[in-house]
Q: 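Quick one: structure below, then a few questions.
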Amino acid sequence: MLSVRDAEATILNSIQPLDNQRDIEFVDLLMANNRILATPIISSLDFPHWDNSAMDGFAVRYADVQQARAEKPIILEVVEEIPAGYKPQVTINSGQAARIFTGAVMPAGADTVIMQEKTHRQENRVSIFAAPQPQEFVRHKGDFYKAGSELLPAGISLTASEIAVLAAAQRDQVSVFRRPRVAIFSSGNELVMPEEALQPGQIVDSNQFALATLVRELGAEVLLLGIVKDDPAALKEIIEYAIVNSDIVLSSGGVSVGDYDYIEKILESLGAKIHFRAVQMRPGKPLTFATFPNTLYFGLPGNPVAALVTCWRFVQPTIKKLAGLAKGWEGKSLKVRSRDELISNGKMETYIWGKLHLVNGVYQFQKAQGNDSSGNLINLAQTNALAILPVGKSLVSVGEEVFVLQL
């Protein structure tokens, strides 16, 4: 049985990320949200594209106004008005100024902008009442980015800010990694779909719905294969299909030590390398991880809470790394104060689900109310964090700090 840290390292070291030549596609910019950039972006444009004003005011020669004072203003001739989007037509000579607006191109000859609040204009004359700093309120060509250098690196997730940069660089299409394909099925004779009438002893299969939702939230494509009965032939057929048609397979159930748990034997018969069968964690101990040449296989526990916890802990970083994300695969870990007493047997790394609250700028963790059995799927609703009690830690007192995995 591996520790959580060793299990994570084993999984991450087994992942071969998507190839930036073979596994890419071009998408329109408005369709690129949350996609992973496959190739670096280099622009032929400088940012800013030209020297421009950062303020509404007057473009001047610094040498003309460096002695300006409230009691002794400098008076200049206004020879041009330059709104944004206008190409200046006049060179500013000594004793002259141009009315200029934010974002407008600086005229030749001018090197400084005086903000309008420090001026007074009368017809074609402007009085300057304060000396500026040299080149004040001027944004110079290439200050933000030099043409030909890397604008955006490969391996980042494209969100609103990156999309804005790409649009400004006139990239209407972008090269991104294809979405990883994740096959999902549940196994068990007791399972039924939500629309079916429950018979005594039966359980609604919530796992494939939870797992499919999580996988889609992570930007992957889902191949739903439904419920498979505890029949070795049927299980082998569905597993063979899944490993051929996906990058990752998630099965839930059938990986414990019961008489009807066939998954591991089938994986071995199909040539899988089984890396581990159990992890020192609660919930989620009966977790199988195996690899095929082109597919990663997770045999998740059938318990719905355990299935989700193991997905948050292991499958989530797997999808992120496989998808081409260069870094940041692991979830966000925070050290916060606990509102409640948290208890573990100390023998397993224990995950307790609940909510993070921001109180006066400080995060606090509150465990889910009610029975905290791993079989209680109901109080998992609205969970946004998992408190982590390491091996050897059996108690976190009220007000004590604890690490949490933010979901």
Q: Within the side chain of S149, is there an N or O that forms a donor-acceptor pair under 3.5 Å with the backbone of K146?
A: yes

Q: So does G346 get a backbone contact from the side chain of S344, meaning a donor-acceptor N/O pair under 3.5 Å?
A: yes

Q: Quick check: are there more than 12 heavy atoms from other residues, nucleotides or ligands sitting under 6.0 Å from CE of M31?
A: no

Q: Name all pairs fulfilling the side-chain hydrogen bond (donor to acceptor under 3.5 Å, both in side chains) condition that reach into residues 311-338, sequence neighbours left out, sorted by first residue then second.
A: E8-R313, R313-Y351

Q: Can you run down the side-chain hydrogen bond (donor to acceptor under 3.5 Å, both in side chains) pairs that involve residues 113-136, sequence neighbours left out, and say none if there aren't any?
A: R99-Q116, Q135-H140

Q: Taking the side chain as C-beta and beyond, is there a heavy-atom pair between F314 and V279 under 4.5 Å?
A: yes

Q: Without swapping roles, check the side chain of D205 against the backbone of M193 for a donor-acceptor pair under 3.5 Å.
A: no

Q: Looking at L296, V315, T310, I274, which one forms a side chain to side chain contact (heavy atoms under 4.5 Å, CB included) with F289?
A: L296

Q: So with a 6.0 Å cut-off around CZ of R181, is the heavy-atom count from everything else above 12?
A: yes

Q: Regarding N20 and T39, is there a side-chain donor-to-acceptor distance under 3.5 Å anywhere?
A: no

Q: Considering residues, nucleotides and ligands other than Y241, do more than 12 of their heavy atoms fall under 6.0 Å from its OH?
A: no

Q: Are F177 and L325 close enough that some pair of their side-chain heavy atoms sits under 4.5 Å apart?
A: no

Q: Not counting sequence neighbours, which residues clear ring-ring contact (aromatic ring centres under 6.0 Å, His included) with F403? List them please.
A: none

Q: How about NZ on K273, more than 12 heavy atoms from neighbouring residues, nucleotides or ligands closer than 6.0 Å, or not?
A: no

Q: Please identify each residue that fulfils salt bridge (charged side-chain N to carboxylate O under 4.0 Å, His left out) with E237, with sequence neighbours left out.
A: none

Q: Looking only at atom types and distance, does a side-chain atom of D51 sit under 3.5 Å from a main-chain N or O of M106, one as donor and one as acceptor?
A: no

Q: When you measure from the side chain of Q89 to the backbone N and O of K87, does any donor-acceptor pair fall under 3.5 Å?
A: yes

Q: More than 12 foreign heavy atoms under 6.0 Å from CG of L30: is that the case here?
A: no

Q: Kindly say whether K265 contributes a backbone atom to a donor-acceptor pair with the side chain of E268 at under 3.5 angstrom?
A: no

Q: Taking side chain to side chain donor-acceptor pair (under 3.5 Å) as the test, write out the residues that go with Q173, two or more places apart.
A: D28

Q: Can you tell which of V249, L250, N207 makes a side chain to side chain contact (heavy atoms under 4.5 Å, CB included) with F185?
A: V249

Q: Can you measure from OG1 (T159) to CG (N33) and round to the nearest 0.5 angstrom?
A: 7.0 Å

Q: Can any side-chain N or O of D230 pair as donor or acceptor with the backbone N or O of N189 at less than 3.5 Å?
A: yes

Q: State, yes or no, whether a side-chain contact exists between Q280 and V4 at a heavy-atom distance under 4.5 Å.
A: no

Q: Do NZ/NE/NH1/NH2 and the carboxylate oxygens of K393 and E401 come within less than 4.0 Å?
A: no

Q: Quick test of your reading of the model: are R5 and E349 salt-bridged, counting only N-O distances below 4.0 Å?
A: no

Q: Which residues pass the ring-ring contact (aromatic ring centres under 6.0 Å, His included) test with H357, sequence neighbours left out?
A: none

